[in-house]
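Here is the structure we will look at.
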Amino acid sequence: MYVNNPNIKLPEDPNTVVWKYLDLSKFLDLLLSRKLFMSRSDKFEDQYEGTFSEPTYEEIKKLSENNPEFLAYYKSHREKVVVSSWHINEYESFAMWQIFTQNSEGLAIQSTIGRLQKALEAEKDFNQFIGEVNYIDYKKEYIPFDDMFFPFLFKRKSFQYEGEVRIIADLSDKDIKINDGLKIDVDINQMIEKIYIHPKSENWYKKLVIELVSKLGFDFEIEKSDLESDILI
């Protein structure tokens, strides 16, 4: 269930548009399971995920001199935090298509902050929070650690193009083993407002997606991205 945390930065307008770019297999898994996969935070490609900037780390080291368990907890905590990443943008992103899809095949889910909040109400076992990622200089800038989620809502400035908003869940108090991540219940119809097909895909691919979605009992609006539409001159 979505829980509001006043300490976590989030766009005020619930109609703020967000996107998730994914391949067909992950999209079908989402529809078939009616569950959203959330990755374990220390399994991301970026090794800095869930860690602290240098100024913050130096302060934590001082605090942990007489309490080594303090630093050990922060290190192990990453294994119990799971994340689903979304991209904030009023329009679809050519860069996101390039990064998250391959072979001219893939889809983009269009949603909004408000839709995500309502869609998460389907999950009854775990609380989820939604926060906008802050992009900082890890060598110079400070990451506050008065909230356990803050390390997971900061990234290096080199990732600023992602414009990321995250669904986050902390499972530290749950006696479950998390391998690469876990799936949470979501209201699929609430979460997905519209589906865009890869701009370079063939017509047969769009027809395939439409047929699969229909056979699974959904009726989302589906259209092909117009990033590759014909020029008018």
Side-chain angles (χ1 to χ4, degrees), residues 1-5 7-10 18 20-23 25-26 29-30 33-87 99-100 116-117 119-120 122-136 138-139 141-159 162 164-186 191:
M1 179 177 292
Y2 169 71
V3 177
N4 179 53
N5 183 334
N7 294 324
I8 296 178
K9 173 184 157 189
L10 193 63
V18 294
K20 191 168 190 65
Y21 295 81
L22 66 173
D23 59 33
S25 59
K26 290 179 180 178
D29 181 61
L30 172 67
S33 66
R34 294 178 181 261
K35 292 176 181 287
L36 177 67
F37 178 76
M38 300 183 70
S39 300
R40 208 172 88 176
S41 69
D42 61 339
K43 294 292 186 179
F44 281 98
E45 187 176 352
D46 180 14
Q47 62 180 346
Y48 285 81
E49 286 283 354
T51 64
F52 284 107
S53 61
E54 290 184 20
T56 307
Y57 180 67
E58 290 304 317
E59 185 170 338
I60 289 177
K61 274 205 306 184
K62 292 177 183 177
L63 290 172
S64 62
E65 285 178 357
N66 299 319
N67 185 9
E69 291 82 8
F70 183 73
L71 186 58
Y73 174 77
Y74 269 102
K75 290 180 178 180
S76 63
H77 186 223
R78 297 169 69 198
E79 300 175 4
K80 286 289 191 175
V81 174
V82 291
V83 174
S84 175
S85 299
W86 294 71
H87 171 68
I99 295 168
F100 292 104
L116 291 184
Q117 291 170 332
L120 293 172
E123 175 56 60
K124 304 303 182 185
D125 293 328
F126 313 116
N127 289 334
Q128 289 85 42
F129 301 83
I130 302 177
E132 192 172 351
V133 173
N134 303 272
Y135 299 93
I136 66 168
Y138 267 53
K139 291 189 176 296
E141 297 183 72
Y142 180 82
I143 297 176
F145 57 95
D146 49 351
D147 190 297
M148 292 304 295
F149 281 120
F150 282 175
F152 307 96
L153 291 169
F154 286 81
K155 294 186 75 168
R156 291 173 291 163
K157 280 187 178 293
S158 53
F159 290 91
E162 293 178 342
E164 187 178 349
V165 64
R166 296 183 150 183
I167 301 171
I168 303 177
D170 184 353
L171 308 179
S172 299
D173 60 342
K174 305 293 181 182
D175 186 23
I176 58 174
K177 183 178 180 181
I178 306 169
N179 293 318
D180 291 332
L182 86 164
K183 294 178 179 179
I184 63 168
D185 292 323
V186 288
M191 186 177 74

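Residue Q128 comes nearest to A169 through the heavy atom pair CG-CB, 4.3 Å, listed as atom of the first residue, atom of the second, then distance. Closest heavy-atom contact between E162 and H87: O-ND1, 2.5 Å. Shown here for Y138 and F154, the closest heavy-atom pair between the two residues is OH-O, 2.9 Å. Nearest approach of D180 to K43, heavy atoms of both residues: OD1-CE, 3.9 Å. Between I143 and T56, the closest heavy-atom pair is N-OG1, 2.7 Å.
Within a 6.0 Å sphere centred on NZ of K26, heavy atoms belonging to other residues, nucleotides or ligands number 12 at most. Around CG of D173, the count of heavy atoms belonging to other residues, nucleotides or ligands within 6.0 Å exceeds 12.
In this structure, CZ on F37 lies 12.0 Å from CG on L30, to the nearest 0.5 angstrom. For the atom pair CZ (R78) and CZ (R40), the distance works out to 9.5 Å, reported to the nearest 0.5 Å. Rounding to the nearest 0.5 angstrom, the gap separating the CD1 atom in I167 from the CD atom in E123 is 11.5 Å. Here the NZ atom belonging to K155 is positioned 6.0 Å from the OH atom belonging to Y135, to the nearest 0.5 angstrom. Taken to the nearest 0.5 Å, the OG atom of S84 stands 13.0 Å off from the NZ atom of K183. One finds the CG atom of L36 at 10.0 Å from the CG atom of D29 (value rounded to the nearest 0.5 Å).
Checked by atom type and distance alone, the side chain of S172 never pairs as donor or acceptor with a backbone atom of K80 at under 3.5 Å. In terms of modelled atom types and a separation under 3.5 Å, the side chain of N134 and the main chain of L153 share a donor-acceptor contact. Without hydrogens or angle criteria, E132 side chain to L10 main chain gives no donor-acceptor distance under 3.5 Å.
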Trace of the side-chain contact (heavy atoms from CB on, under 4.5 Å) decision for L116 with M191: CA-CA 5 Å; L116 291 184; M191 186 177 74; 3.7 Å; yes

Working for side-chain contact (heavy atoms from CB on, under 4.5 Å), residues E59 and Y142: CA-CA 10 Å; E59 185 170 338; Y142 180 82; 3.2 Å; yes

Residues F44, V83; criterion side-chain contact (heavy atoms from CB on, under 4.5 Å); working and verdict: CA-CA 10 Å; F44 281 98; V83 174; 3.9 Å; yes

Steps toward side-chain contact (heavy atoms from CB on, under 4.5 Å) verdict (I130, I8): CA-CA 8 Å; I130 302 177; I8 296 178; over 6 Å; no

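In this structure, the ring pair (Phe, Tyr, Trp, His ring centres under 6.0 Å) partners of H77, at least two apart in sequence or on a different chain, are Y73, F152.
At least one side-chain heavy atom of I184 sits under 4.5 Å from a side-chain heavy atom of L120.
Between K174 and D125 there is no salt bridge, since none of the side-chain N atoms of the basic residue sits less than 4.0 Å from a carboxylate O of the acidic one.
With hydrogens and angles left out, the side-chain atoms of S85 and E164 include a donor and acceptor closer than 3.5 Å.
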